[in-house]
**Q** 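One structure coming up, written as structure tokens, with questions to follow.
What's counted below: heavy atoms across the whole structure, side chains too, no hydrogens, waters or symmetry copies. Protein chains get the first letters and strands the later ones, always in sequence-line order, with residue 1 at the start of each.
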Number of protein chains: 2
Amino acid sequence: MKKSKTTIRDIAGALSVTSSTVSRALNNHPAISDDTKQLVTAMARQMNYKPNRLAAALRSGKSMNIGVIVPMVERSIFAAIIRGIEEVVAQSGYGIIMCQTYDELRYEKRAFDTLFRSQVDGVIASATRSSGNIELYKSVIEEDIPLILFDRSIDELGVSSVVVDDFKGGYEATRHLIEQGCRKIVHFAGDLDIKIYQERLKGYKAALAEEGIKFEAHRVINCPSDIERGRKAAEQIILDNDIPDAIFSSSDFAALGALQVLKSKFKIPEDIAIVGFANEPFTSFVEPAMTTVNQHGRDMGRLAAKAFLDCVANRKGYVPRQIVLQPELIVRASSKKLN
Amino acid sequence: MKKSKTTIRDIAGALSVTSSTVSRALNNHPAISDDTKQLVTAMARQMNYKPNRLAAALRSGKSMNIGVIVPMVERSIFAAIIRGIEEVVAQSGYGIIMCQTYDELRYEKRAFDTLFRSQVDGVIASATRSSGNIELYKSVIEEDIPLILFDRSIDELGVSSVVVDDFKGGYEATRHLIEQGCRKIVHFAGDLDIKIYQERLKGYKAALAEEGIKFEAHRVINCPSDIERGRKAAEQIILDNDIPDAIFSSSDFAALGALQVLKSKFKIPEDIAIVGFANEPFTSFVEPAMTTVNQHGRDMGRLAAKAFLDCVANRKGYVPRQIVLQPELIVRASSKKLN
DNA sequence: CTGAAAGCGCTAACAT
DNA sequence: ATGTTAGCGCTTTCAG
């Protein structure tokens with residue numbers, strides 16, 4: 001039953017043609033007669049032929065695989081992005097090698113190692129903290145393989161990227177809070193080594209400034225994207241005497257943690273309004289439903305993938321472009337003061 | 001700057017040895033002197049050498065990539081499994097090519113295509129609906145590449161698998177409900193083409209039978225794993241006159257949908273208790289917190305990966321084994337009647 | 001329209 | 001401990 005796998009040479013033998021012909025027929029080369037193509041594909045099926053992409057890749061220099069690097073697939077934004085990427089690249093015959101960094105440099109390094117050794121035709125990645133890893137990305141560029149960044153980009157690299165306007169997201173979230181009458185707005189800042197979190201913070205500051213509300217450094221609390229850390233931060237707030245009237249969190253997870261602890265002692269949103277960031281599915285069904293910022297993950301994935309395809313299509317004349325998606329504030333009960 | 005990539009031959013040239021020596025040195029072959037290894041690795045780094053896995057794979061017949069097929073990465077159980085797999089196989093130098101089926105045969109087919117063509121050294125997969133795709137899995141076996149199934153296995157295949165005892169999960173969930181005093185227990189059944197959902201249903205029936213509660217077919221409602229479908233099902237229940245005192249849902253998502261609509265009209269859990277399945281993160285923070293069944297995703301992934309490694313280690317003498325994990329009922333507020 | 005020939009970069013007997 | 005040799009399965013000029 002189990003004989004050595006059929007190769008194009010076997011097919012060629014069975015048909016008394018050469019492997020070149022078979023190869024061309026299989027790849028739908030224009031200079032092959034329809035008759036031959038018919039014969040070859042029929043025989044291929046009959047012999048249960050499975051092309052060996054590795055060999056093709058080695059010879060042609062194209063692996064038809066692209067690497068996708070995300071912090072972690074559990075985050076719905078990244079799952080959505082992967083789906084978006086997959087949708088478009090699959091149509092061009094590409095497979096995806098997915099790597100997760102868990103936001104740690106050593107995993108990020110390993111990811112690049114895996115991808116290089118697999119000879120991927122391109123890398124679509126979201127960078128981790130923006131220090132220490134630039135060399136990694138530069139090495140991709142030096143190897144001359146297309147690199148597209150999404151969500152968290154690295155400007156110095158000058159490659160194509162698809163990001164959401166985090167500044168605007170932070171700005172609108174904060175502005176919305178101010179419009180609800182909030183004045184003492186706490187910001188849960190993410191890792192400020194990462195640009196997107198810097199931007200969200202800047203947006204927050206800009207909105208305050210615009211409304212003439214003085215920025216107070218002690219209202220910015222370092223709080224990673226994690227429910228438990230959100231709880232801790234909220235507990236700290238309660239201990240302090242200076243209770244805010246709103247929280248704008250740079251992540252839905254931290255916002256949720258805060259919501260959980262605060263709602264036992266305060267009315268949400270009347271006493272304290274809460275806004276998160278990322279539009280994780282759970283935001284729509286926690287109580288009260290949480291206001292958040294939608295980042296259009298699937299679109300981001302699709303656009304990144306298209307950028308990659310573009311880049312491959314005109315290898316030489318490709319000009320990188322920065323695509324900036326508009327975030328969308330989704331207002332829900334957690335921030336609607338009815339005054 | 002950008003010259004053609006360095007190969008082992010280049011290194012060999014620079015060192016006046018042969019490429020075999022370089023190859024062996026790089027692979028830490030025992031029969032190479034430490035001096036030479038030192039020299040070679042130093043030169044490799046200096047010349048910025050990046051091994052071409054494709055070539056190695058073509059020659060050695062091992063791609064050092066394994067394929068992982070899941071329905072969709074958004075489901076936290078699958079994200080957890082992937083993480084478990086990755087943890088284990090990465091240590092042995094394997095990369096992961098991830099494919100999603102979205103529970104549709106055509107995507108499942110495409111996944112296998114991608115994996116075959118990439119010459120993966122193994123496939124770790126969760127099957128979709130258990131009809132129509134068996135041929136796909138058989139073809140993997142015929143190609144003689146290790147296949148491990150998880151979560152949703154296919155018994156006829158006789159390969160190693162790691163699953164959770166869905167029967168027991170269904171049984172315990174239902175039993176718990178009965179212990180709370182519930183008698184009219186509705187079951188939201190998943191796609192009964194898929195074995196895990198059949199098992200959960202059987203467990204439900206078994207628990208009823210054990211307690212002498214008559215099984216009533218109309219209490220089994222077809223309801224896929226989807227919030228919206230759960231809402232619809234709950235709305236239908238309200239329209240009917242025969243209000244149940246509990247719902248055991250085969251998925252957390254459907255359970256959540258039901259919870260959302262029911263809690264406006266009924267007291268949960270006093271009037272209607274609710275139990276889900278899968279321990280999605282959101283179950284712990286919806287209100288009331290939802291009782292559910294934990295499937296130990298990360299462990300499942302780890303075990304599946306270990307099975308794969310085992311299988312590779314003793315290719316000939318490998319005996320497939322079925323690993324069955326014990327589900328864990330996590331009791332939360334949505335099902336605790338305080339009578 | 002098809003054939004012949006030459007590898008892609010690496011590994012693995014078999015030598016020495 | 002290292003060198004020689006022969007490909008893995010496919011693509012791709014260059015001929016005809």
**Q** Between D/dA1 atom C1' and B/Leu39 atom CG, what is the distance in whole Å?
**A** 14 Å
**Q** Roughly how many Å is it from CG in A/Asp34 to P in C/dC1, rounded to a whole number?
**A** 8 Å
**Q** Closest heavy-atom contact between A/Phe308 and A/Ile124?
**A** CB-CD1, 4.1 Å
**Q** Could you state the atom-to-atom distance from CG of B/Asn28 to P of D/dA1 in whole Å?
**A** 13 Å
**Q** side-chain hydrogen bond (donor to acceptor under 3.5 Å, both in side chains) with B/Thr36: which residues, sequence neighbours excluded?
**A** B/Ser33
**Q** For B/Tyr102, does the six-membered ring have the charged nitrogen or CZ of A/Arg83 within the cation-pi criterion, i.e. under 6.0 angstrom from the centroid and within 45° of the normal?
**A** yes
**Q** Nearest-Å distance, CG (B/Asp121) to P (D/dC8)?
**A** 19 Å
**Q** Could you pull out the closest heavy-atom pair between A/Leu58 and B/Leu54, with the gap in Å?
**A** N-CD2, 4.4 Å
**Q** Whole angstroms only, please: what is the CG-P distance between B/Asp10 and C/dC8?
**A** 11 Å
**Q** Using whole Å, what does the distance between atom P of nucleotide C/dG9 and atom NZ of B/Lys62 come to?
**A** 23 Å
**Q** Rounded to 10°, tell me the angle between the two end axes of the helix from C/dC1-D/dG16 to C/dT16-D/dA1, each built from five pairs.
**A** 30°
**Q** Can you tell me if A/Thr36 touches the phosphate of C/dT2, counting only side-chain N or O atoms and a distance under 4.0 Å to OP1 or OP2?
**A** yes
**Q** Is B/Lys195 salt-bridged to B/Asp155, going by a charged N under 4.0 Å from an acidic O?
**A** yes
**Q** Taking CG from A/Leu26 and C1' from D/dG9, how many angstroms apart are they, rounded to a whole number?
**A** 12 Å
**Q** Would you mind building the protein contact string for nucleotides 10-16 of chain D? One character per nucleotide, 5' to 3', B for base within reach (heavy atoms under 4.0 Å), S for sugar-phosphate only, - for untouched.
**A** BBBB---
**Q** Work out which heavy atom in B/Ile154 is nearest to a heavy atom in B/Leu149; give both atom names and the distance.
**A** N-CD2, 3.6 Å
**Q** Just how far, in rounded Å, is P of C/dC1 from CD of A/Gln38?
**A** 14 Å
**Q** Do you know which two heavy atoms are closest between A/Asn133 and A/Leu105, and how far apart they sit?
**A** CB-CD1, 3.7 Å
**Q** Mapping A/Leu58 and A/His29 onto DNA chain C by nearest heavy atom, which one lands closer to the 5' end?
**A** A/His29
**Q** Is there side-chain contact between A/Phe116 and A/Ser139, with at least one heavy-atom pair below 4.5 Å?
**A** yes
**Q** Do B/Glu108 and B/Tyr137 get their side chains close enough for a donor-acceptor pair, meaning under 3.5 Å?
**A** yes
